[in-house]
Amino acid sequence: KKLWVDPKKKIFQIYHVPLVSQFMTLFRIFRVAKQLKTVRKTELLLQKAGNMARQVPTSGSSADDREFYVCSCFFTNNFYLKDYNVHVVYRDDTQFTQEYKERMKKCGCHTDEQWSQVVSQVKTELERRQNLFQQSLERTRQIRAQYRPLHPHVYTLQESYFAPDFLEFVEACRRSEKTLDDVMKSITSQPDDRVYEFPVFTKQFCQELMEEISHFEESDLPKGRPNTMNNYGILLNELGFDDGFITPLRTDYLRPICRLLFPDWGGDALDSHKAFVVKYKIGEDLDLSYHYDNAEVTLNVSLGKDFEEGSLYFGSMRQVPHSEASYREHKHHPTFGILHRGQHKHGAMPIEDGERYNLIIWMRSSKVRNQLCPMCDQKPTLVRTAGFGDGFTKETKNVDMCSVS
């Protein structure tokens, strides 16, 4: 009561608080405007990429004549800081500083100079993602115009590339009367692990594919790297493998397998993918940190060459806290594939000698991921892009015409 009796305090209540409120409102408007500017820039870049995509010739419809999308969290979430082995979220400088400056000290980021480097790395990654699809299309167009393959035949899938045991396994999975128990004798797995190993390709094909990748690596043409965790490797869609090789591999051979092994992860509805080859070598990438994939199901095929150690290890699903996870090692043999759930966290131990190539195929089901984005655990906010994007599609609502009067 005294507060309102005192004229000076009355004036303070009437005028000073609104001024503070106005300042805070203006500050929030500034932050929102800055975020909207970033979003608008991203949308313009993606629109330009989409226009370019229609100008790039293709040998078929690798996206099944449908439009695919990324979730908007692609431009904010899961920025990997390799020096500190952490993933962060970046929306703007204010949010990032408030959420991470103190937390990063526990990871070894103690000085202002180190913090400035972290902020710079995050902004560089944001810019890379904003330009990713446009630059990928530019690289694709340049590669198709200038690259001369060493082994042109490896770009078109042939059954002669497969190990005989793999073809028998696929044929068994295609039979409608077969159950999971019927086909388990064809593969190797650990109890309750749901990590399956089986032969996929012949040794000759693996050798020729590695020679083709090495031949391209030695060229002066631009290379798109698979992700921020792998500094060496090749995106196979840019090299021209999608339509003739990866898409029929997914639809005709891998989907029947996944239908039986992963029905709860959209195994019968894997309608897009991201495929790449990664390389591990002394003096380059030696290992791969513990992570999960942006996929419903992942196939990882060891192509070779000669190497020592470098086993894969699997923990628990991503929802399980790190402190509660249990780990199991999986030796990975050349020509064999390991098939697992994308959200099953895993990593690769360091190789100690030699050189190793792996073919990775992230298979995605829009039926599953349209409900929940695996990278932000939210209903996806769709952003149009080129190619398969991250496997999201716009859902269409079916109307029962018989019920319409």
Participant: Salt bridge or not between R129 and E125? Use side-chain N to carboxylate O under 4.0 Å.
Facilitator: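 Counted as a salt bridge, because a side-chain N and a carboxylate O are separated by less than 4.0 Å.
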
Participant: Can you list every pair that meets salt bridge (Lys or Arg N to Asp or Glu O under 4.0 Å) and has a residue in residues 95-105, with sequence neighbours left out?
Facilitator: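 Residue pairs passing salt bridge (Lys or Arg N to Asp or Glu O under 4.0 Å), neighbours aside: E102-K105.
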
Participant: Any salt bridge linking E67 with R384? Criterion: basic side-chain nitrogen under 4.0 Å from a carboxylate oxygen.
Facilitator: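 Here E67 pairs with R384 in a salt bridge, since their nearest N and O are under 4.0 Å apart.
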
Participant: Within the distance-only criterion (no hydrogens, no angle test), does the side chain of D268 pair as donor or acceptor with the backbone N or O of R255 below 3.5 angstrom?
Facilitator: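 Checking the backbone N and O of R255 against the side chain of D268, no donor-acceptor pair under 3.5 Å is found.
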
Participant: Checking D252 now: which residues fulfil salt bridge (Lys or Arg N to Asp or Glu O under 4.0 Å) with it, not counting sequence neighbours?
Facilitator: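 Result, salt bridge (Lys or Arg N to Asp or Glu O under 4.0 Å) vs D252: none returned.
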
Participant: Start with the C-alpha distance between H340 and D193, add both sets of side-chain angles, then the distance that settles side chain to side chain donor-acceptor pair (under 3.5 Å), and finish with yes or no.
Facilitator: CA-CA 9 Å; H340 63 88; D193 202 23; over 6 Å; no

Participant: List the residues meeting side-chain contact (heavy atoms from CB on, under 4.5 Å) with D377, not counting sequence neighbours, and say none if there are none.
Facilitator: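 R318, L372.
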
Participant: Ring centres of H346 and Y292 under 6.0 Å apart?
Facilitator: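 Between Y292 and H346, which both carry aromatic rings, the centre distance is not below 6.0 Å.
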
Participant: Once salt bridge (Lys or Arg N to Asp or Glu O under 4.0 Å) is applied, do any residues pair with K379, and if so which ones, sequence neighbours excluded?
Facilitator: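 For K379 the salt bridge (Lys or Arg N to Asp or Glu O under 4.0 Å) partners, ignoring immediate neighbours, are E395.
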
Participant: Hey, could you give me the OG1/CD distance between T111 and Q117, rounded to the nearest 0.5 Å?
Facilitator: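 Atom-to-atom, T111:OG1 and Q117:CD are 7.0 Å apart.
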
Participant: Report the C-alpha distance between E197 and H332 in whole Å, list the side-chain angles of each, state the deciding distance to 0.1 Å, and finish with yes or no for side chain to side chain donor-acceptor pair (under 3.5 Å).
Facilitator: CA-CA 9 Å; E197 184 176 14; H332 205 180; 5.4 Å; no

Participant: Out of curiosity, Q319 CD to K345 NZ, how far, rounded to the nearest 0.5 Å?
Facilitator: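 The distance works out to 10.0 Å.
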
Participant: For the side chain of T247 and the backbone of D243, is there at least one donor-acceptor N/O pair under 3.5 Å apart?
Facilitator: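 The answer is no, because no donor-acceptor pair under 3.5 Å joins these two groups.
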
Participant: Tell me, please, which residues at least two apart from Y147 pass ring-ring contact (aromatic ring centres under 6.0 Å, His included).
Facilitator: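 Y147: ring-ring contact (aromatic ring centres under 6.0 Å, His included) contacts with H215, F216.
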
Participant: Is the distance between the ring centroids of F388 and W362 under 6.0 Å?
Facilitator: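 When the ring centroids of F388 and W362 are compared, they turn out to be at least 6.0 Å apart.
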
Participant: Using side-chain heavy atoms (C-beta onward) and a distance below 4.5 Å, is V183 in contact with L260?
Facilitator: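 Yes, at least one pair of side-chain atoms sits under 4.5 Å.
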
Participant: For Y155, check ring-ring contact (aromatic ring centres under 6.0 Å, His included) against everything at least two apart and list the hits.
Facilitator: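 Y155 satisfies ring-ring contact (aromatic ring centres under 6.0 Å, His included) with F241 only.
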
Participant: Quick one: CZ on R341 to CZ on F314, what's the gap to the nearest 0.5 Å?
Facilitator: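 With rounding to 0.5 Å, CZ (R341) is 10.0 Å from CZ (F314).
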
Participant: Take the angle between the ring planes of F166 and F198 and call it parallel below 30°, perpendicular above 60°, tilted in between.
Facilitator: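 Rings of F166 and F198: parallel, as their planes differ by under 30°.
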
Participant: Tell me every residue that passes side-chain hydrogen bond (donor to acceptor under 3.5 Å, both in side chains) with H151, counting only those two or more places apart in sequence or in another chain.
Facilitator: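 Scan of H151 (side-chain hydrogen bond (donor to acceptor under 3.5 Å, both in side chains), adjacent residues dropped) gives E211.
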
Participant: Ring centres of F201 and Y161 under 6.0 Å apart?
Facilitator: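 No, they do not, as the ring centres are separated by 6.0 Å or more.
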
Participant: If you round to the nearest 0.5 Å, how far is CG of L249 from CG of L359?
Facilitator: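 Result: 7.5 Å between the selected atoms.
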
Participant: Looking at D264, I'd like to know if its CG atom is crowded, meaning that more than 12 non-hydrogen atoms belonging to other residues, nucleotides or ligands lie closer than 6.0 Å.
Facilitator: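 Atom CG in D264 is packed in, count exceeds 12.
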
Participant: With the threshold set at 4.0 Å, does a side-chain nitrogen-carboxylate oxygen contact exist between R66 and D271?
Facilitator: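 So R66 pairs with D271 through a salt bridge.
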
Participant: For E217, what residues pass the side-chain hydrogen bond (donor to acceptor under 3.5 Å, both in side chains) criterion, not counting sequence neighbours?
Facilitator: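 Once residues adjacent in sequence are excluded, the partners of E217 under the side-chain hydrogen bond (donor to acceptor under 3.5 Å, both in side chains) criterion are R225.
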
Participant: The criterion is ring-ring contact (aromatic ring centres under 6.0 Å, His included); which residues satisfy it with F74, sequence neighbours excluded?
Facilitator: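 Per chain and number, F74 pairs via ring-ring contact (aromatic ring centres under 6.0 Å, His included) with F133.
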
Participant: Which value, rounded to the nearest 0.5 Å, describes the distance between S366 atom OG and L270 atom CG?
Facilitator: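 The distance works out to 9.5 Å.
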
Participant: Would you please indicate yes or no on a ring centroid separation below 6.0 angstrom for F245 and F205?
Facilitator: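 They qualify: ring centres under 6.0 Å apart.
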
Participant: Quick one: does V170's side chain get under 4.5 Å of F162's, heavy atoms only?
Facilitator: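 Of all side-chain heavy-atom pairs linking F162 with V170, none is under 4.5 Å.
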
Participant: Measuring only between side-chain heavy atoms, which start at C-beta, is Y196 closer than 4.5 Å to I338?
Facilitator: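 The answer is no; the side chains never approach within 4.5 Å.
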
Participant: Testing S214, C206, S302 one by one against Y357 for a side chain to side chain contact (heavy atoms under 4.5 Å, CB included), which residue passes?
Facilitator: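 Going through the options one by one, the only one that passes is S214.
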
Participant: Take R364 and D390 through the salt bridge (Lys or Arg N to Asp or Glu O under 4.0 Å) test and state the conclusion after the steps.
Facilitator: CA-CA 8 Å; R364 293 154 169 171; D390 275 347; 3.5 Å; yes

Participant: I'd like to know if the side chain of S120 and the backbone of S116 have a donor-acceptor N/O pair within less than 3.5 Å.
Facilitator: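 Answer holds: no.
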
Participant: Just jot down the salt bridge (Lys or Arg N to Asp or Glu O under 4.0 Å) partners of R139, sequence neighbours excluded, or say none.
Facilitator: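 Expected list: E238.
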
Participant: Would T393 and N370 count as a side chain to side chain donor-acceptor pair (under 3.5 Å) here? Give the steps.
Facilitator: CA-CA 7 Å; T393 60; N370 284 350; 2.9 Å; yes

Participant: Show every salt bridge (Lys or Arg N to Asp or Glu O under 4.0 Å) that has at least one partner inside residues 152-175, sequence neighbours left out.
Facilitator: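 As it turns out, the salt bridge (Lys or Arg N to Asp or Glu O under 4.0 Å) pairs with a partner in residues 152-175, which skip direct neighbours, are E171-R174.
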
Participant: Heavy-atom distance under 4.5 Å between the side chains of I360 and V277, does that happen here?
Facilitator: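 No - every pair of side-chain heavy atoms lies 4.5 Å or more apart.
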
Participant: Could you walk me through whether E296 and R369 pass the salt bridge (Lys or Arg N to Asp or Glu O under 4.0 Å) check?
Facilitator: CA-CA 8 Å; E296 275 62 68; R369 61 183 39 229; 2.9 Å; yes

Participant: Run the salt bridge (Lys or Arg N to Asp or Glu O under 4.0 Å) test against K223 and tell me which residues pass, sequence neighbours left out.
Facilitator: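 Here no residue qualifies.
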
Participant: Are E329 and K331 ion-paired here, with the side-chain N under 4.0 Å from a carboxylate O?
Facilitator: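 Salt bridge flag = yes for K331 with E329.
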
